[in-house]
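Model, not experiment: these values are computed from the prediction.
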Amino acid sequence: MNERRPAGKTGPQKPDQDQNEEEKRRERMQRQMRFSLSYIVTALIVLWLFQEFILAPLVLQQARQISYSEFREKLAAGQIVSVTIAEHDILGQMKNPDPEGQPELVPFDTVFTPGSDPKLIEDLQAAGVKFSFQRPASPVGALILSWLLPLGLLGAFWYFAYRRMSGGVGGLGGIFGVSKSKATEVKPEDVGVTFKDVGGADEAIAELQEIIQFLRAPERFAKLGGRIPKGVLLVGPPGTGKTLLAKATAGEAGVAFFQTSGSEFVEMFVGVGAARVRDLFENARKAAPAIVFIDEIDAIGQSRANAIRIGGNDEREQTLNQLLAEIDGFKSSTGAPVIIMAATNRPEVLDPALLRAGRFDRQVTVGNPDLIGRQQILRIHSKGIKLAPDFDIEAAARMTPGFSGADLANAMNEAALLAARRNAEAVTLNDFAVAIERIVAGLEQRTRVMSAEVRRAVAYHEAGHALVAELVPHGDPVSKISIVPRSRGALGYTMQMPTEDRYLLRQAELEDRIAVMLAGRAAEKIIFNEISTGASDDILRATELARRMVTEFGMSEVLGSVRYAGQQLQYLGNAIEDNSSLSQETRKLIDSEVKRIISEQYERVQRLLQENRTALELLTQELLRCETVDGSAVKAALAGQVRTCEKPEN
Ligand code: ADP
Ligand code: ZN
């Protein structure tokens, strides 16, 4: 894989990202569905319980149930005082048969079928009983009374809650406590971690220094009139220590730390998320100076453009807007600063509004650690553990390519447990090896740990990219090559740093770009005489560029300076090309021209690499040794130098 910066991403997103997003959406919808369903089910059950056990007994309890014959007897005995004849029963008052200490009159209720006793009225009159008829209750009325009314009340209650909570803090939302943020607050003196506890993240730490300076002495920044930092976005795969870094920043600066996750703000009710954001920042301002850390910011910060519009996407939008408002507005009463740090593995899905100047305009990339970084992390996590005297940390680090900081912490811990289980005095390298075997078994499914063979292939592949970038006349200089797997999909990367922003590219430059893209595959082919799937993304991008050269830039002699590219259509938010206006022959011609460009470049690259076989070998070996190297390694390899990796400092 080959990557350049700044990433002027034109190609389609990686399919696994789309899938990921799709999954998340589905999950969220399911969660909302589940919530609604459980609300309805609970409401119905509550209603039923209410009717069955509260309402019904309430009505019936006082009235004594008697049979019709009993009623007739009492009537004949002159014990009935008054009755109301209803549709299906007769209700009334009768004299209490045993009135000791009891009320004289008791209500009664007897089942009655109208028309079954024609003499009833006569007898009632004869007995001098007050009687009346009840209007037959309409079934609609009964339904309304027993079901619709309570349901309506429940609905109104829901609606009211919904309104109040979107309207502001307090109200019902406040009563429920749902508008309270669930963020955990850590007092400055309890933070307890500093940058000493973070290994293999020197670049990130360097970038965070400014934030610390600012938190320690905000006046100085204000005096100089510099723009005040507000938000830092930590970008990187899970377990690489983003949370740890944020916390350590608070520790270094000696400020309070608020930790929460984006998913906490994604709720069913509109406005709850926004209220929680407000509450969170209110607390943070009270505790200022402080750092607010939001993990998985993509849960709220997803671009509004590609958000699904089912039901209330209002909710996320409100939450996001509230977050933006807080970032823009926050000034604590004392003037002490609040810095917001957020973590994500998918910065590309974030709403551009979040990344604007004055918001999360500082991005810090945190990757899986390289060999040296892993040694540092292992040292940190072996502090409380008794290691055998011959435990070689470097060897341990070599066994764990592709491990994240969390994986390493886990492995070290597991090794200690294993040693304890065999009643050993200290943890040996062998314990560690067994521990990683266990962890790797879990990791391999996530394809982050590579076998030695794959590693070799990736090293040749990346070395190929880097060498060709150096060898072609218009290649952007290589800044970094790495075979540390960064995330799913990408097993390694070569980063090029353009010397200047290019708006106008000549044909030769575009061809060089294609050459660099194809170089990974060409190197694999030369060394192993076979090709892996690792180059599919390169091929896609090379083909795309070649096609644009032919159809958009008029760089094909055969087709001339005619724009053949179809119109870009927006279809369900995805750009698709409409080629229907092109004739069959033209399309064939385009394809053959694209193929010609690619093949020419591929052959050129193979030639270049064959001629520099030794350099390819040297660079690959250095990559396998050190895992991450900078641009100087390419030049050294071309000069035939063999270098060693730098040693870790601590
Ligand atoms: P993230 O937030 O990136 O998912 P965390 O910060 O939660 O990762 O990391 C989880 C744990 O893994 C940390 O508490 C720490 O013990 C360990 N860890 C991760 N990265 C590092 C690192 N660079 N140095 C030391 N420990 C680390
Ligand atoms: Zn590649």
Side-chain angles (χ1 to χ4, degrees), residues 196-202 237 239-241 244 366-444 446-460 462-463 481-486 491-492 617-630 633 642-650:
K196 278 206 208 69
D197 303 294
V198 189
D202 299 344
T240 46
L244 185 67
V366 197
N368 284 333
D370 60 8
L371 182 66
I372 290 164
R374 291 201 299 275
Q375 295 183 42
Q376 291 171 356
I377 296 172
L378 284 173
R379 274 202 192 95
I380 290 166
H381 285 283
S382 59
K383 258 181 202 138
I385 291 173
K386 191 144 185 283
L387 295 182
D390 60 348
F391 192 105
D392 183 352
I393 295 252
E394 187 181 330
R398 279 194 191 284
M399 288 187 228
T400 47
F403 274 47
S404 70
D407 297 334
L408 289 171
N410 197 358
M412 195 43 108
N413 188 45
E414 185 80 12
L417 291 180
L418 284 169
R421 215 167 297 153
R422 57 180 185 89
N423 282 325
E425 286 285 296
V427 180
T428 64
L429 198 57
N430 190 46
D431 291 320
F432 189 76
V434 177
I436 43 180
E437 249 164 60
R438 292 191 178 183
I439 290 170
V440 165
L443 287 181
E444 248 158 19
R446 289 185 267 150
T447 69
R448 275 203 300 183
V449 175
M450 296 187 278
S451 68
E453 214 173 313
V454 175
R455 245 180 118 234
R456 239 163 69 82
V458 172
Y460 277 110
E462 299 304 335
I481 321 164
S482 172
I483 57 165
V484 179
R486 242 199 330 192
L491 297 177
E617 201 59 47
L618 281 175
L619 185 55
T620 304
Q621 293 311 329
E622 182 163 345
L623 262 176
L624 284 170
R625 256 195 326 272
C626 315
E627 296 180 8
T628 305
V629 299
D630 61 19
V642 180
R643 310 193 311 170
T644 51
C645 309
E646 308 155 51
K647 285 277 157 229
E649 296 118 38
N650 51 343

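Atoms OG and CG, on Ser382 and Asn413 in that order, are 12.0 Å from each other to the nearest 0.5 Å. Rounded to the nearest 0.5 angstrom, Cys626 SG and Asp370 CG are separated by 9.0 Å. With rounding to the nearest 0.5 angstrom, the CD atom of Glu425 is 5.5 Å from the NZ atom of Lys386. Taken from CZ in Arg455 to CG in Leu623, the straight-line distance is 9.5 Å, to the nearest 0.5 Å. Rounding to the nearest 0.5 Å places CG of Leu618 at 11.0 Å from CZ of Arg643. We find the CD1-CG distance between Ile481 and Asp630 to be 8.5 Å, quoted to the nearest 0.5 Å.
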Pair up each side-chain donor or acceptor in residues 414-424 with any protein partner under 3.5 Å, not counting sequence neighbours, and list the distances.
{"unit_1": "Glu414", "atom_1": "OE2", "unit_2": "Arg438", "atom_2": "NH1", "d": "3.2"}
{"unit_1": "Arg422", "atom_1": "NE", "unit_2": "Asp431", "atom_2": "OD1", "d": "3.0"}
{"unit_1": "Arg422", "atom_1": "NH2", "unit_2": "Asp431", "atom_2": "OD1", "d": "3.4"}
{"unit_1": "Arg422", "atom_1": "NH2", "unit_2": "Asp431", "atom_2": "OD2", "d": "2.8"}

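For Ile380 against Gly199, the heavy-atom pair with the smallest separation is CD1-N, 3.4 Å. Counting all heavy atoms, side chain and backbone alike, Thr620 lies closest to Tyr460 at OG1-CD2, 3.2 Å. Considering all non-hydrogen atoms of both residues, Ala397 and Gln375 come closest at CB-CG, 3.4 Å. When all heavy atoms are compared, the tightest approach of Ala435 to Ala411 is CB-O, 3.5 Å. Nearest heavy-atom pair across Pro237 and Val366 is CD-O, 3.6 Å. The shortest non-hydrogen separation linking Arg398 to Arg374 is CA-NH2, 4.4 Å.
Under 4.0 Å is where a charged nitrogen must lie from a carboxylate oxygen, and between Glu394 and Arg379 no such pair does.
Between Thr644 and Glu622 the shortest side-chain heavy-atom distance does not fall below 4.5 Å.
Of the possible donor and acceptor atoms, one in the side chain of Ser404 sits under 3.5 Å from a partner among the backbone N and O of Asp407.
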**Report entry** Residue pair Leu624, Ile483: steps toward the side-chain contact (heavy atoms from CB on, under 4.5 Å) verdict
**Finding:** CA-CA 8 Å; Leu624 284 170; Ile483 57 165; 4.1 Å; yes
Requested in this report: Evaluate side-chain contact (heavy atoms from CB on, under 4.5 Å) for Leu387 paired with Met412, printing each intermediate quantity in order.
Outcome: CA-CA 10 Å; Leu387 295 182; Met412 195 43 108; 4.3 Å; yes
Report task. Verify side-chain contact (heavy atoms from CB on, under 4.5 Å) between Val427 and Phe391, making sure each step is shown before the conclusion. Result -> CA-CA 8 Å; Val427 180; Phe391 192 105; 4.3 Å; yes
**Report entry** Worked check of side-chain contact (heavy atoms from CB on, under 4.5 Å) between Thr400 and Phe432
**Finding:** CA-CA 10 Å; Thr400 47; Phe432 189 76; 4.0 Å; yes
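With sequence neighbours excluded, the residues that form a side chain to side chain contact (heavy atoms under 4.5 Å, CB included) with Ile377 are Pro369, His381, Leu408.
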